[in-house]
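Note that the numbering runs from 1 along the sequence shown for the chain. Everything quoted here is computed from the prediction, not taken from an experiment.
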Amino acid sequence: MRPSTGYSTSAPSPPDVVAHREELSEFVGREIESIIDRQHALEARYEELVALRSSLRGFANKSRYKEAQDEIAEVTRDLRATTRLLCKNLTDNPHVAENLLKVQQHRNDLLSSLQLAATDLAQADDYASLRSAVSAENALLDEYQSLILREREAAKTLASLQEAARIEDENHTKAVAARRSEISQLKADLRAARTSSESNSAFFEAASRAAGGQQARQHLAEEAAIASAIAELEDALAKEEAAHETLDAHISRKQKDAQRQLAEWMAKLEDDVLELDQETADLEAQVAAAETDVAAAAVAVAAAEQAERDRADERTFQARMKACAEQCRQLRKPFAEAYLCATIRLAVNPPAAGKKGKKGKKGKKG
């Protein structure tokens, strides 16, 4: 027998909500989403302007820096306005119908889970479906917890950005106050200078009237020259400012061109490195082949040197043999000369025949 769950399985009645409330909630949701997108765009613009202001801090032309500062203040005001508008929409337009439907859905899911658990207990004395449902709910809760953590991190980031905006606003306020103080001081100096100029002008006017028309004309000429010099200086200042702006634009273009050329050079450098690596590999192969050729050439040179040494030894031996032959000729020369002289004497004065017999006889006798 199937046990009773103790809960009613009939479908709950839908929440009593006016039909147009859903349309209004959807419209408010779209409006809140647009406000959040606007806040994201303003935050990105704020980061860009802060980076731009940091890059312009050391430049001589302060107009760009002042424009960035003013735009930062304007973006900060827009961020505050969108934050206040978002809080107002979230406070004034709670989504009641969605909350009621969520409660009804949770109640239906709980009833279904209890019915499945009772069925499992009645059939298999186990509640596997309930465990799987609990695991799924735990996974969903973990996901919700991660979403909450990310939302908190986003809130911390927003708070840090708001604090940075507040600090920037305070710095801007201090800078404006300092500039106003400088302007007040300059106005006071200008009034003092004007008073002094007026008194000096009255004095010089009386002196000039006393001195006569010639001196008055001289003063007028000097004033005209000073006015012309001032006009020339103002014109030069305007030209200098225009040239500075042109130079600034030119430098910006040159910087962009340099960055583009740097990218091209880096790409070309990578290609050249690849080509050099290939050439290095080819040169290494050529060096290996050259080393083989050098080894063979060294063997050939060693053989040639050995042959040259053999030829040198042979030439040395031949020189020694020639020296020995010459020495032998020198040693035989006295004997040859004596022999030749004796032969020539015998040929010139041959001995008589009787003398030859006597000699023979004497030989026999003796």
Side-chain angles (χ1 to χ4, degrees), residues 37 39-65 67-69 71-72 75 139 142-143 145-147 149-154 156-158 160-161 164 168 240 242-327:
D37 293 338
Q39 275 193 334
H40 290 168
L42 289 173
E43 290 171 0
R45 181 58 181 165
Y46 181 82
E47 293 177 355
E48 293 175 358
L49 290 173
V50 170
L52 178 61
R53 187 190 61 183
S54 299
S55 64
L56 295 174
R57 192 179 297 277
F59 285 4
N61 188 7
K62 297 298 183 180
S63 60
R64 297 280 301 278
Y65 182 85
E67 291 175 0
Q69 189 76 17
E71 194 168 355
I72 286 173
V75 171
D142 293 337
E143 184 178 358
Q145 290 295 328
S146 65
L147 287 174
L149 290 176
R150 288 200 295 272
E151 183 180 359
R152 289 176 180 174
E153 291 176 357
K156 290 180 181 178
T157 305
L158 179 60
S160 63
L161 289 174
E168 290 297 330
E240 183 68 22
H244 181 74
E245 292 179 357
T246 305
L247 181 61
D248 190 11
H250 179 69
I251 290 173
S252 299
R253 289 195 300 271
K254 287 295 184 181
Q255 186 178 6
K256 292 180 181 178
D257 294 339
Q259 291 177 354
R260 177 180 57 77
Q261 291 178 1
L262 178 60
E264 294 176 357
W265 289 346
M266 291 301 294
K268 185 176 182 302
L269 178 61
E270 293 179 357
D271 297 336
D272 293 342
V273 168
L274 293 176
E275 292 179 1
L276 289 175
D277 290 340
Q278 183 64 34
E279 291 179 1
T280 302
D282 296 340
L283 289 174
E284 289 178 353
Q286 293 177 7
V287 167
E291 288 177 354
T292 304
D293 295 340
V294 166
V299 174
V301 167
E305 290 177 353
Q306 184 63 36
E308 183 65 26
R309 285 195 296 271
D310 294 340
R311 286 194 296 271
D313 294 340
E314 184 178 357
R315 288 194 296 270
T316 304
F317 177 72
Q318 289 178 0
R320 287 200 304 270
M321 292 301 295
K322 287 180 181 180
C324 290
E326 182 66 26
Q327 188 176 6

Can you name the closest pair of heavy atoms from L42 and V75 and give their distance?
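So the minimum-distance heavy-atom pair works out to O-CG1, 3.5 Å.
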side-chain contact (heavy atoms from CB on, under 4.5 Å) partners for [X], two or more places apart:
X: E308; result: R311, R315
X: E314; result: Q318
X: T316; result: R320
X: T157; result: S160, L161

Test of understanding: with side chain to side chain donor-acceptor pair (under 3.5 Å), list the residues that count as partners of [X], not counting sequence neighbours.
X: D310; result: Q306
X: E71; result: R45
X: E43; result: none
X: S63; result: N61

Does E326 pair with K322 as a salt bridge, N-O distance under 4.0 Å?
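Judged by the 4.0 Å cut-off on N to carboxylate O distance, E326 and K322 do not form a salt bridge.
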Could you work out, with salt bridge (Lys or Arg N to Asp or Glu O under 4.0 Å) as the rule, every residue matching E305, not counting sequence neighbours?
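With neighbours one apart ignored, the set is empty.
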Tell me, which pairs form a salt bridge (charged side-chain N to carboxylate O under 4.0 Å, His left out) where one or both residues lie in residues 266-287, sequence neighbours left out?
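Residue pairs with at least one partner in residues 266-287: K268-D272.
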Please tabulate, for the side chains in residues 246-258, all donor-acceptor contacts under 3.5 angstrom to protein atoms that are two or more places apart in sequence or on a different chain.
residue, atom, partner, partner atom, Å
T246, OG1, A242, O, 2.8
S252, OG, D248, O, 2.9

After noting the C-alpha distance and the side-chain angles of L262 and M266, does the key distance pass the side chain to side chain contact (heavy atoms under 4.5 Å, CB included) rule?
CA-CA 6 Å; L262 178 60; M266 291 301 294; 4.2 Å; yes
Would you say the side chain of Q278 lies within less than 4.5 Å of the side chain of L274, judging by non-hydrogen atoms?
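Side-chain contact under 4.5 Å: no.
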Once side chain to side chain donor-acceptor pair (under 3.5 Å) is applied, what residue pairs with a partner in residues 287-302 remain, sequence neighbours excluded?
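Checked against side chain to side chain donor-acceptor pair (under 3.5 Å) - neighbours excluded - no pair reaches residues 287-302.
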